[in-house]
Each structure stands twice: as C-alpha cells, then as structure tokens.
Amino acid sequence: YIISKNKININSTGNAGMSVAGTGDVLAGVCAGLLCQTNSIFDAASTAAYIVGKAGDIVFKKKGYGLIASEVSEAIPLVMKRWK
C-alpha cells in the first residue's frame with residue numbers, strides 16, 4: 001500500500017522472494033530518481049513500487065526464493081522497456 005493524506009494506491013507487483021537485504025534500497029533509489037522527475041511524492045512512490053515489484057517478479061520466475069537485490073536492480077531496464 002502507498003498511502004498519503006488523501007490517496008491510497010494498492011500495488012499488486014512483488015513477491016515474498018523480495019524479502020531479502022537490499023531490495024528496500026533498490027526501491028528507495030528508484031523512488032528518489034522518480035521524485036527528481038515529478039513534484040508528486042505519492043506518484044513517485046507508487047511508480048517505484050510498481051517498477052521494483054515487477055522487476056522482482058521477473059527475477060522470481062527465473063530464480064525463485066534465491067534472488068538477490070542486485071538481480072532485481074538489473075531487471076529494472078526490462079520493466080522499463082516493456083512499459084514504453
């Protein structure tokens with residue numbers, strides 16, 4: 001869930017395999033990068049959650065629960081390419 005004072009967004013991407021060290025750092029980095037491109041913290045957080053979750057889903061399909069955060073970050077360009 002991404003929650004602000006007036007809005008709630010439910011992100012349906014991501015999986016339990018992402019509960020490893022570093023995936024939160026990947027999320028924070030993507031969120032910060034997106035925040036530099038918009039005036040909306042809510043939109044940046046919502047978009048970052050989707051992108052990183054989708055990247056995590058791609059890696060999870062290949063590796064299962066043995067994924068690591070760097071693999072999630074490496075899958076982000078695949079998400080962005082499909083999203084265009």
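Note: hydrogens, waters and symmetry copies are ignored here, and every other heavy atom, side chains too, is used.
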Under 3.5 Å: donor-acceptor pair, side chain of Glu71, backbone of Ile68:
yes

Here the pair of heavy atoms bringing Gly22 nearest to Ala69 is C-CB, 3.4 Å

For atom CD1 of Ile3, decide whether the heavy atoms of other residues, nucleotides or ligands shown that lie under 6.0 angstrom number more than 12.
yes

Any donor and acceptor pair, going by atom type alone, linking the side chain of Thr23 with main-chain N or O of Ser19 inside 3.5 Å?
no

Of all heavy-atom pairs linking Asp43 and Lys7, the shortest is OD1-NZ, 4.4 Å

Between Tyr65 and Ala16, which heavy-atom pair has the shortest distance, and what is it?
CE2-CB, 3.9 Å

Indicate, with yes or no, if Met80 and Ile58 share a hydrophobic cluster defined by side-chain heavy-atom contacts under 4.5 Å among Ile, Leu, Val, Met, Phe, Trp and Tyr.
yes

Are Ile51 and Ile2 joined in one hydrophobic group, where the rule is that I, L, V, M, F, W and Y side chains link up if heavy atoms are under 4.5 Å apart?
no

For a 4.5 angstrom cut-off between non-hydrogen side-chain atoms, does Met18 reach Asn15?
yes

If you measure from OH on Tyr1 to CD1 on Ile8, what distance do you get to the nearest 0.5 Å?
8.5 Å

Looking only at side chains, do Thr13 and Asn11 share a donor and an acceptor under 3.5 Å apart?
yes

Closest non-hydrogen atoms of Val72 and Ala55, given as atom of the first, atom of the second and distance, are O-CB, 3.5 Å

Would you call Ile76 and Val26 a side-chain contact if the rule is heavy atoms closer than 4.5 Å?
yes

Could you tell me the separation between the CG atom of Leu34 and the OG atom of Ser46, rounded to the nearest 0.5 Å?
10.5 Å

Indicate if Val52 and Val20 have the same hydrophobic cluster label, given that clusters are the connected sets of ILVMFWY residues with side-chain heavy-atom separations under 4.5 angstrom.
yes

Backbone of Gly14 reached by a side-chain donor or acceptor of Asp57 within 3.5 Å
yes

